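To start, the structure itself, in structure tokens.
Just so we're clear, the structure is a prediction, and the values are computed from it rather than from any experiment. Sequence lines set the chain letters: A, B, ... in the order given, protein chains first and strands last, and positions in each chain run from 1.
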2 protein chains.
Amino acid sequence: MPQGEPLTVPDDGLTTKQRRNRPLLMVNTGDGKGKSTSAFGLALRGWNQGWDIGVFQFVKSAKWRIGEQTVLERLGELHTQTGEGGPVEWHKMGSGWSWSRKQGTETDHEAEAAEGWGEVKRRLAEQKHTLYVLDEFTYLMERGWVDVDDVVTTLRDRPGHQHVMITGRRAHPALREIADLVTEMQHEKHPFDRGQKGQRGIEW
Amino acid sequence: MPQGEPLTVPDDGLTTKQRRNRPLLMVNTGDGKGKSTSAFGLALRGWNQGWDIGVFQFVKSAKWRIGEQTVLERLGELHTQTGEGGPVEWHKMGSGWSWSRKQGTETDHEAEAAEGWGEVKRRLAEQKHTLYVLDEFTYLMERGWVDVDDVVTTLRDRPGHQHVMITGRRAHPALREIADLVTEMQHEKHPFDRGQKGQRGIEW
């Protein structure tokens with residue numbers, strides 16, 4: 001993995017170091033596999049740098065617990081026990097966010113999604129985390145469950161040094177516009193095409 | 001992350017369970033970011049399932065130690081200490097593979113790459129690992145450092161239940177042909193375009 005060299009040096013008045021350390025807004029989109037896996041891989045990398053990691057899974061089913069949650073929460077415990085890496089918080093919607101009093105009750109997905117975004121906004125304002133993974137967040141924008149202008153303004157104007165990684169198909173053009181890094185993961189071939197179902201360790 | 005449902009059920013004489021548990025050959029290719037990050041994310045997921053993970057980094061510089069290596073090796077130690085997850089081996093070329101007597105000496109990259117592939121072949125024959133990550137392996141095929149037919153035959157006819165994930169740009173057509181899953185990661189926007197260099201935690 002060679003260290004990237006810039007193609008051009010921009011006339012933005014910043015030093016190379018300032019430019020290097022600029023906080024990034026990253027988007028993994030497209031129909032292909034690897035959007036979330038890559039985002040959690042980035043969280044792993046960040047943990048190793050001692051970053052404070054906050055994962056917010058905007059998915060319907062809270063029953064679904066993926067391997068990355070188990071491992072990243074375990075790494076968060078390791079941090080508490082030994083000081084290695086950084087702290088990790090993992091939150092997901094589905095039957096109420098973990099910080100919510102409504103937890104465990106049947107909830108309205110749209111309201112719950114909006115509540116999740118509200119919490120992310122508060123944390124960004126407080127500069128709570130170094131890296132935010134907003135998994136499957138693009139769908140909220142697509143469905144109008146969050147206000148696109150509010151999302152764009154909040155992310156673009158976030159204070160301090162906070163990285164944000166957003167995953168999901170069909171990323172909104174306004175999100176692509178303000179992002180520093182956009183990867184379109186294209187589906188070329190998948191076992192589902194051949195009638196194979198998802199399997200343990202590969203899909204979750 | 002919903003569980004995948006197949007689009008069609010193939011007439012291949014296999015039960016759904018047999019089809020589900022078929023070992024996979026996966027390829028992350030394209031110019032975009034996320035090929036290796038996603039492969040190491042998959043290793044994380046596999047570790048959590050108790051899989052035996054073998055990572056082989058076919059990169060020139062052994063000085064480059066990425067966060068994933070530190071974390072996955074730490075998880076391998078955890079397995080030894082507590083039985084959680086699975087064992088992890090991480091090998092990389094650059095100044096001699098860890099199993100080689102030539103380690104630490106200036107080596108010929110082509111010979112070293114071929115030696116790495118020879119070791120992977122032996123391990124596949126012995127069914128040593130559950131998941132092999134062959135990071136940046138596509139370049140060996142592209143440069144003719146390994147024999148394409150040998151790679152195709154070995155991977156296609158590998159015994160038992162061994163998953164293989166290969167990363168790198170410009171995957172060889174013969175590799176795409178035999179792969180079960182191919183994701184093309186397309187570069188849409190990257191900070192390097194704006195003159196930003198790679199940064200700690202994001203690129204390594």
Side-chain angles (χ1 to χ4, degrees), chain A residues 1 3-10 16 19-22 24 28 30 32-34 36-38 40-42 44-49 51 59 64 66-68 70-71 75 84 163 176 179-204, chain B residues 1 3-10 16 19-22 24 28 30 32-34 36-38 40-42 44-49 51 59 64 66-68 70-71 74-75 163 176 179-204:
Chain A
M1 194 162 296
Q3 192 163 342
E5 282 300 323
L7 302 173
T8 57
V9 176
T16 299
R19 212 176 291 117
R20 162 167 290 186
N21 291 322
R22 204 150 44 176
L24 299 177
N28 281 350
K33 194 170 154 51
S36 297
T37 320
S38 165
F40 299 134
L42 187 73
L44 197 70
R45 206 171 266 185
W47 178 85
N48 185 57
Q49 295 292 348
W51 289 3
V59 289
W64 202 261
I66 60 173
E68 288 93 329
T70 304
V71 181
L75 291 171
E84 291 167 89
H163 299 292
R176 293 174 190 255
D180 299 289
L181 194 152
V182 178
T183 303
E184 179 86 23
M185 304 206 173
Q186 295 204 331
H187 165 113
E188 184 173 310
K189 202 177 192 184
H190 198 286
F192 297 169
D193 302 339
R194 295 200 329 235
Q196 197 167 346
K197 287 189 174 189
Q199 64 178 286
R200 185 178 297 274
I202 301 290
E203 303 296 333
W204 67 90
Chain B
M1 194 163 293
Q3 192 164 342
E5 283 299 323
L7 301 173
T8 57
V9 176
T16 299
R19 212 175 291 118
R20 162 167 292 188
N21 291 322
R22 206 152 43 177
L24 299 177
N28 281 349
K33 193 168 155 52
S36 297
T37 321
S38 165
F40 299 133
L42 188 72
L44 197 71
R45 207 172 264 186
W47 178 85
N48 185 56
Q49 296 292 346
W51 289 3
V59 289
W64 202 261
I66 59 173
E68 288 93 327
T70 304
V71 181
R74 183 68 182 92
L75 291 171
H163 300 291
R176 292 174 190 254
D180 300 289
L181 194 152
V182 179
T183 304
E184 180 85 23
M185 303 202 173
Q186 296 205 332
H187 166 113
E188 185 174 309
K189 202 177 193 185
H190 198 287
F192 298 170
D193 303 340
R194 295 202 327 238
Q196 197 165 349
K197 288 190 173 189
Q199 64 177 288
R200 185 179 294 275
I202 301 292
E203 303 296 332
W204 66 91

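Taking every heavy atom of both residues into account, B/Arg45 and A/Thr37 meet most closely at NH2-OG1, 3.7 Å.
Considering only residues two or more places apart in sequence or on other chains, B/Ser38 meets the side-chain hydrogen bond (donor to acceptor under 3.5 Å, both in side chains) condition with B/Asn28. Partners of B/Glu184 under the side-chain contact (heavy atoms from CB on, under 4.5 Å) rule, at least two apart in sequence or in another chain, are A/Gln186, A/Glu188, B/Thr29, B/Arg176, B/Gln186.
Atom CG of B/Leu75 sits about 5.5 Å away from atom CG of A/Leu75, to the nearest 0.5 Å. Note that OG1 of B/Thr183 and NZ of A/Lys33 are 7.5 Å apart. Values are rounded to the nearest 0.5 Å.
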